[in-house]
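On a predicted model such as this, the values are computed, not experimentally measured, just so you know.
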Amino acid sequence: MTVAAAQGAADSAASLVQSVDWLAIAPPALTAAVALIVLVADLFVPERRKPLLGALSVAGLAAALLLLLPLRAGDRSTFCLTADADVCSYTADHFTLVIQLLVLGGALLTALLSITELGGGRKLPPGEFWFLLLSSAAGAALLPAARDLATLVIALEVATLPAFALVGLKRGDRLSSEAALKFFLSSVTATAVMLLGVSFVYATTGTLHLTEIAGRLDDVPGKFETLASAGVALTLVGFAFKAAAAPFHFWVPDTYVGAPLPIAAYLSVVGKAVGFSGLILVTVIAFPSHSDVWGPAVAVLAALTMTVGNVAALRQSATRAWSAVRLLAWSSVAQAGYLLVPIAAAAYAGTDQIGSTVAYALMYAVVNLGAFAVAALVARTKPLNRLADYRALASERPLVALAMGFFLLCLAGLPPGIVGLFAKVTVFSSAVDAGLGWLAVVMAVNVVVALYYYLQWTAALFRAPETADAPDSPATEPVIEPVGPLAAHRAPATVLAAIGLTAAAGVALSGAPQLVLRFAAETLF
């Protein structure tokens, strides 16, 4: 090899070396590092000291949240192309930071709910649980920063694969194993379809970076136009599945029932955030030129999702086993429909509409985690977690009942849950502004329908207690040892802390709901 050739090879190798902005990637990187530390520490920590793993996990998630503060300017990128520094695989902009705040905050509250579910004769092994939860949270925090399809797919799977194990982590529990299997099979199918779409997009554009895809899709040769459109549509399927959009929602109710309640809460918020952030990235950044393909598709998905979710929620019987969790599951499907509306509107009225989805997601995350926290508290004494079990909760724990009523009214969009009303109005306005009058009408009808089951549950909280318990149905409810009233049991401090934090956040946002939209508006690309 000549000296010139050797020098050229050295220069080529040097051009491949990229500097890494460690501060930009710090939140997901720290979460992943703590997950590895927990995994190794679990091998050496004696059984009586396993609670230390939970404390370490909570501290790690709190530290990852604090690392968002130095990034608040939203102007950092890393892993960029050496030939074009403006094309990067990781970007810590305002959109990334808001979704990471939602994801890491949701994971932290899930950790608080989970501490009392581990060890001490419980079915959940502490070491595996904390490792899987932190690993999933790391992937979920990485996804909103991803700016190429390869990183998006990897982040999506890192967020999802540990979730399969978390759902099925109840040892010896048939429902848990069945839920994990359904979740796994449906998710794998959706991922396979999405990867097919990604391959079509790459074949027609020759790149995986979102910004470059956007430019090259405008110049696709006519003979590849159908292939490109098919790739756009198929790519959306995987993210629609994670967001629990109909008809990709069928895994939700059984998965939520079979999973540990903290994990059901995690999936309802963090899993949804992963799906919606992925949808926003691929539609708004990568596929704006094909808005005529994904715009009508997302609008139809939104209408179908909110309708299916609300109709199924109406059918829940108050005395059926786990009916409270099932209602929250179907409610989360309906809420996913509302979250899809601004994304559909962005196809017709521009990216200004995306702020409405982010604002609604922030509201939903706070109040839905709060509702699941109350459900986790009630389940400690009433394991069947029926809607009937919440009757007269105000007489046993008045503050918890008030908090639950507030969460349900926020989800319904009624005062004093002003933040819920405000979020629904902004989503409704985005549909109207985009000229999607039919979708606005469908949403209005669904909001009215949802009032029935939200108000029915709220009213039950403050009813007088029944004189005698209704007999259980042996055909649908397993035999579970009787437990005393909720008031007779001391509530775990971490669960009460989760309820208090979410209630305080909901009240604060209801007092100044405009802050949510202003905050979300900063996420525009």
Could you list the donor-acceptor pairs under 3.5 angstrom formed by side chains in residues 260-268, with sequence neighbours left out?
residue: Tyr266; atom: OH; partner: Ser136; partner atom: OG; Å: 2.8
residue: Tyr266; atom: OH; partner: Ala137; partner atom: N; Å: 3.2
residue: Ser268; atom: OG; partner: Ala265; partner atom: O; Å: 2.8
residue: Ser268; atom: OG; partner: Asn368; partner atom: ND2; Å: 2.9

Identify each donor-acceptor pair in which a side-chain atom of residues 439-448 lies under 3.5 Å from a protein atom, sequence neighbours left out, and give them as a table.
residue: Asn446; atom: OD1; partner: Thr307; partner atom: N; Å: 3.4
residue: Asn446; atom: OD1; partner: Asn310; partner atom: ND2; Å: 3.1
residue: Asn446; atom: ND2; partner: Thr307; partner atom: OG1; Å: 3.3
residue: Asn446; atom: ND2; partner: Val442; partner atom: O; Å: 2.8

Using residues 495-503 as the side-chain source, report each donor-acceptor pair under 3.5 Å to any protein atom, sequence neighbours left out, with the distance given to one decimal.
residue: Thr502; atom: OG1; partner: Ala498; partner atom: O; Å: 2.9
residue: Thr502; atom: OG1; partner: Ile499; partner atom: O; Å: 3.0

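Phe241 CZ to Ser187 OG: the interatomic distance, rounded to the nearest 0.5 Å, is 4.5 Å. For the atom pair OG1 of Thr255 and CG of Leu166, the computed distance is 12.5 Å after rounding to the nearest 0.5 Å. Between the CG atom in Leu53 and the CD1 atom in Ile115 there is a gap of 11.0 Å [rounded to 0.5 Å]. If you take CG on Leu339 and CD1 on Ile280, they are separated by 8.5 Å, rounding to the nearest 0.5 Å. Atom CG of Leu377 sits about 5.5 Å away from atom CZ of Arg397, to the nearest 0.5 Å. For the atom pair Leu210 CG and Cys88 SG, the distance stands at 11.5 Å (nearest 0.5 Å).
A donor-acceptor distance shorter than 3.5 angstrom exists from the side chain of Ser323 to the backbone of Arg320, with no hydrogens or angles considered. Remark: the backbone N or O of Ala388 is not paired with any side-chain donor or acceptor of Arg391 at under 3.5 angstrom. At distances below 3.5 Å, at least one donor-acceptor pair connects side-chain atoms of Lys382 with backbone N or O atoms of Asp389. In this structure, Ser356 contributes its side chain and Val427 its backbone to no donor-acceptor pair below 3.5 Å. Under the 3.5 Å distance criterion, the side-chain polar atoms of His94 are matched with a main-chain donor or acceptor of Arg72. Not a single donor-acceptor pair under 3.5 Å links the side chain of Thr305 to the backbone N or O of Ala302.
Summarising the geometry of Gly405 relative to Thr458, their closest heavy-atom pair is CA-CG2, 4.1 Å, with the distance given to 0.1 Å. Here the closest heavy-atom approach between residue Val58 and residue Ala111 is recorded as CG2-CB, 3.8 Å. Taking both residues in full, the closest heavy atoms of Leu301 and Phe248 are given as CD2-CE1, 4.4 Å, listed atom of the first, atom of the second, then distance.
Put simply, the side chain of Tyr338 reaches to within 4.5 Å of the side chain of Met306, judged on heavy atoms. Between Phe372 and Thr110 the shortest side-chain heavy-atom distance does not fall below 4.5 Å. Within the 4.5 Å cutoff, side-chain heavy atoms of Phe462 are placed close to those of Leu402. Looking only at side-chain heavy atoms (C-beta outward), Leu455 and Leu409 come within less than 4.5 Å of each other. No side-chain heavy atom of Val158 sits under 4.5 Å from any side-chain heavy atom of Leu142. No side-chain heavy atom of Phe276 sits under 4.5 Å from any side-chain heavy atom of Ile99. Side-chain contact between Phe239 and Leu156 is present, with heavy atoms from C-beta onward closer than 4.5 Å. Using a 4.5 Å heavy-atom cutoff, the side chains of Ser430 and Val341 are in contact.
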Item to complete: Would you sort out whether Trp322 and Arg386 count as a side-chain contact (heavy atoms from CB on, under 4.5 Å), showing the intermediate values?
Response: CA-CA 5 Å; Trp322 303 291; Arg386 303 168 299 182; over 6 Å; no
Worksheet item: Hey, mind stepping through Ser114 and Phe129 against side-chain contact (heavy atoms from CB on, under 4.5 Å) and telling me if it holds?
Response: CA-CA 9 Å; Ser114 304; Phe129 181 91; 3.2 Å; yes
Practice prompt. Tell me, with the steps shown, if Gln316 and Trp330 meet side-chain contact (heavy atoms from CB on, under 4.5 Å).
Written response: CA-CA 9 Å; Gln316 299 307 308; Trp330 286 115; 3.5 Å; yes
Worksheet item: Given Tyr364 and Ser332, is the side-chain contact (heavy atoms from CB on, under 4.5 Å) satisfied, shown in steps?
Response: CA-CA 9 Å; Tyr364 167 79; Ser332 74; 3.1 Å; yes
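Taking Thr494 as the reference, nothing meets the side chain to side chain donor-acceptor pair (under 3.5 Å) condition, with sequence neighbours excluded. Residues that satisfy the ring-ring contact (aromatic ring centres under 6.0 Å, His included) test with Trp294, not counting sequence neighbours, are absent from this structure. When the ring-ring contact (aromatic ring centres under 6.0 Å, His included) test is applied to Tyr454, no partner is found at least two apart in sequence or on another chain. Under the ring-ring contact (aromatic ring centres under 6.0 Å, His included) criterion, Phe183 pairs with Phe164, Trp251, sequence neighbours left out. Thr96 pairs by the side chain to side chain donor-acceptor pair (under 3.5 Å) definition with Asp93, Arg147, not counting sequence neighbours. In terms of the salt bridge (Lys or Arg N to Asp or Glu O under 4.0 Å) criterion, residue partners of Glu128 (sequence neighbours excluded) are, by chain and number, Arg171. By the salt bridge (Lys or Arg N to Asp or Glu O under 4.0 Å) test, Asp433 pairs with no residue at all, sequence neighbours left out.
Residue pairs meeting the salt bridge (charged side-chain N to carboxylate O under 4.0 Å, His left out) criterion with at least one partner in residues 359-370, sequence neighbours excluded, do not occur; the list is empty. Residue pairs meeting the side chain to side chain donor-acceptor pair (under 3.5 Å) criterion with at least one partner in residues 407-424, sequence neighbours excluded, are Tyr360-Lys424.
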